[in-house]
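Note that the structure is a prediction, hence the values are computed from the model and not measured.
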Amino acid sequence: GLAFLLFLLLRPAAPRPLPLAASKDEIAAIIAGAQRADANLAVIGDKQLLVADDKSAFLMFQVQGRSWIAMGDPVGPMVAWAPLLWRFRELCDRHNGWPALYQISAACLPFALDMGLALVKLGEEAEVDLAGFSLEGPARRDLRQAVNKVEREGASFEIIPASGVPTILDELQAVSDAWMLDKSAYEKGFSAGRFTPDYVSHFDCAAVRSAGRIVAFANIWRAPAASVISIDLMRYSKDAPKGVMDYLFAKIMLWGRAIGYRRFNLGM
């Protein structure tokens, strides 16, 4: 009994959620200056944020058992990365946790090595150079034909600004529910978004309409400082035209190029 009481007394304290050390506007400003579109994962609300003292950067993470998992690179200028990562490592040590940096980029590898972490390659990211992207030429014939086929069937593409998304939430919810049921899927979170009204309404939405109804959509992530766009949720209904996702991707890339973005990130 005495040994058990000593164990309870000496074991590390259970982790508590960190108080948010920055306002929503300050976090939004950091995301707006990010070099990676996946910085928008901070908007989901399912992660804790470790914020730099000068409010210039943050690290998003969550605790699962003894694992403390940071999601992606720190968001903000690289000069703030090392202090944030070492604060994260110290928090892990204080609570006897196992630190992990998940889905970091090559730029973050030196910091991970300095922290004594082992590296495991999970995959590579695909990016499209939007300056050189078009539907013209023999190399794009299959994609061009797919786009034309979907439009011949009466489908159309539009970008709905974030301010207009609340007015179409019911339509988007119906498409999302049908997609989830058809794929036997479930909402994930952490490294991917989830369909909630607050999250979906935070971003511009790319939508495909057929016979006046929305049959496919994707929410759009932006990293204006790096001239990068990407997408997160991608969902379509069973009655959408065949090839609708190729159509949606192509149209988003053409739209991104038209408004001055240089790269389209397809994720891992």
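- Taking 4.0 Å as the cut-off between side-chain N and carboxylate O, Arg263 and Glu125 do not count as a salt-bridged pair.
- Side chains of Ser176 and Arg235: a donor on one and an acceptor on the other come within 3.5 Å.
- Taking every heavy atom of both residues into account, Asp38 and Met60 meet most closely at O-CE, 3.6 Å.
- Around CZ of Arg141, the count of heavy atoms belonging to other residues, nucleotides or ligands within 6.0 Å does not exceed 12.
- To the nearest 0.5 Å, atoms CE (Met115) and CZ (Arg89) are separated by 6.0 Å.
- Ring geometry for Trp179 versus Tyr236: interplanar angle over 60°, hence perpendicular rather than tilted (30 to 60°).
- In this structure, the separation between NZ on Lys47 and CE on Met71 is 7.5 Å, given to the nearest 0.5 Å.
- Classification of the Trp68-Phe61 ring pair by plane angle, with boundaries at 30° and 60°, yields parallel.
- Between Arg262 and Glu127 there is no salt bridge, since none of the side-chain N atoms of the basic residue sits less than 4.0 Å from a carboxylate O of the acidic one.
- For Lys188, the NZ atom is densely surrounded, since the number of other residues' heavy atoms within 6.0 Å is greater than 12.
- Using modelled atom types, one finds a donor on one side chain and an acceptor on the other under 3.5 Å when comparing Ser237 with Asp239.
- Once rounded to the nearest 0.5 Å, the distance linking CZ of Phe217 with CD of Glu171 reads 11.0 Å.
- In this structure, Asp246 does not pair ionically with Lys149, as no charged nitrogen and carboxylate oxygen lie closer than 4.0 Å.
- A distance of 5.5 Å separates CG in Asp204 from CH2 in Trp255, rounded to the nearest 0.5 Å.
- A salt bridge between Glu158 and Arg209 is present, with a side-chain N of the basic residue lying under 4.0 Å from a carboxylate O of the acidic one.
- Side-chain contact check for Asp198 and Thr196: no donor-acceptor pair (N or O, by modelled atom type) lies under 3.5 Å.
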